[in-house]
Peer 1: 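Okay, handing you the structure first.
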Amino acid sequence: MAGMATQEKTTHFGFRDVPLADKQKLVGQVFTSVARSYDLMNDLMSFGVHRLWKRHFVAVSGVRKGDRVLDLAGGTGDIAALLKPVVGDEGEVVVGDINAAMLGVGRDRLTDRGLVAGLRWAQMNAEALPFPDNSFDAITIAFGLRNVTDKDKALADMQRILKPGGRLLVLEFSKVRSPLLSKLYDMHSFQILPRLGRLFANDADSYRYLAESIRKHPDQETLKGMMIHAGFGHVEVRNLTDGIVAIHRGYKL
Ligand SMILES: C[S@@+](CC[C@H](N)C(=O)[O-])C[C@H]1O[C@@H](n2cnc3c(N)ncnc32)[C@H](O)[C@@H]1O
């Protein structure tokens with residue numbers, strides 16, 4: 001109608017507002033661009049600390065021998081490689097990710113390490129999980145939820161496919177507690193990360209998106225509320241490295 005602006009729904013992509021329908025494509029471009037350099041960059045950006053966070057995440061996950069686990073947004077397979085020995089031969093780990101390039105790098109990498117049996121790789125969107133209700137003992141999602149457009153929808157779908165008593169474990173960047181660390185962290189994120197991205201991945205923009213997306217992600221209490229809203233019970237939060245990252249755990253009751 002003449003003179004009437006059409007109201008398009010928007011969301012954030014880093015610090016930019018973009019049409020809701022575009023975010024998934026933009027996130028896809030980021031991970032397709034960084035897939036080959038993703039593992040090296042994680043080590044450089046975090047001084048290797050991401051390995052400790054991931055190990056701790058799996059150690060406190062409560063995942064047991066024989067469990068069937070979905071590692072959602074599993075990317076290049078770091079979490080799956082740690083989960084597989086825990087679930088053992090009787091268990092299974094399904095690595096689900098929306099991005100074929102990330103899954104491809106992960107599958108090659110874990111296959112080279114002899115991790116094949118009991119691992120499945122499947123392309124999927126966290127907002128529409130291709131599994132029946134009550135399918136998994138546990139779902140892990142590490143550094144993935146931040147990138148999902150409709151997080152409430154994704155959390156509700158995770159709740160649906162967990163077995164009663166099953167657990168969701170989220171490892172994600174969160175809100176740093178101490179003001180001093182927060183200042184240093186901002187400097188590292190906005191000055192150093194894009195430069196590392198340019199040098200080692202030939203892509204400063206994707207690493208600028210990374211820093212910005214962390215700032216836009218819900219903080220510890222907000223994410224806890226979202227999990228409760230999605231139907232999870234006994235939700236607990238644990239900060240690592242003063243809240244640079246946090247682990248959220250919740251159960252399907
Ligand atoms: C930062 S990487 C994390 C990879 C891995 N979990 C790790 O900890 O190293 C984020 C991953 O989330 C995936 N992702 C983004 N949006 C997604 C969605 N809607 N559904 C499933 N995966 C998604 C990306 O393709 C990417 O592989």
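Whatever order the structure lists them in is the order used to number ligands and atoms, beginning at 1. Values in this document were obtained by computation on a predicted structure and should not be read as measured data.
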Peer 1: Can you sort out the partners of D78 under side-chain hydrogen bond (donor to acceptor under 3.5 Å, both in side chains), two or more places apart, ordered by chain and number?
Peer 2: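 Listed in chain order: K54, R109.
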Peer 1: Could you check ligand 1 for N or O atoms lying under 3.5 Å from protein N or O atoms and list the pairs with distances?
Peer 2:
residue	atom	partner	partner atom	Å
ligand 1	6 (N)	A73	O	2.8
ligand 1	6 (N)	A142	O	2.9
ligand 1	8 (O)	A142	O	3.4
ligand 1	9 (O)	Y38	OH	2.8
ligand 1	9 (O)	K54	NZ	3.0
ligand 1	19 (N)	N125	OD1	2.9
ligand 1	20 (N)	A126	N	2.9
ligand 1	22 (N)	I98	N	3.3
ligand 1	25 (O)	D97	OD1	2.6
ligand 1	27 (O)	D97	OD1	3.3
ligand 1	27 (O)	D97	OD2	2.7

Peer 1: Between D137 and R68, is there a side-chain N and carboxylate O pair less than 4.0 Å apart?
Peer 2: no
Peer 1: Can you list everything that forms a side-chain hydrogen bond (donor to acceptor under 3.5 Å, both in side chains) with E212? Sequence neighbours excluded, please.
Peer 2: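 Residues passing side-chain hydrogen bond (donor to acceptor under 3.5 Å, both in side chains) with E212: none at all.
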Peer 1: Carefully, step by step, assess D43 and H50 under the rule side chain to side chain donor-acceptor pair (under 3.5 Å).
Peer 2: CA-CA 7 Å; D43 281 334; H50 76 105; 2.8 Å; yes
Peer 1: How would you list, by chain and number, every residue that makes a salt bridge (charged side-chain N to carboxylate O under 4.0 Å, His left out) with R238, sequence neighbours excluded?
Peer 2: none
Peer 1: For D89 and K65, run salt bridge (charged side-chain N to carboxylate O under 4.0 Å, His left out): C-alpha distance rounded to whole Å, both residues' side-chain angles, the deciding distance at 0.1 Å, then the answer.
Peer 2: CA-CA 8 Å; D89 291 342; K65 213 178 178 64; over 6 Å; no
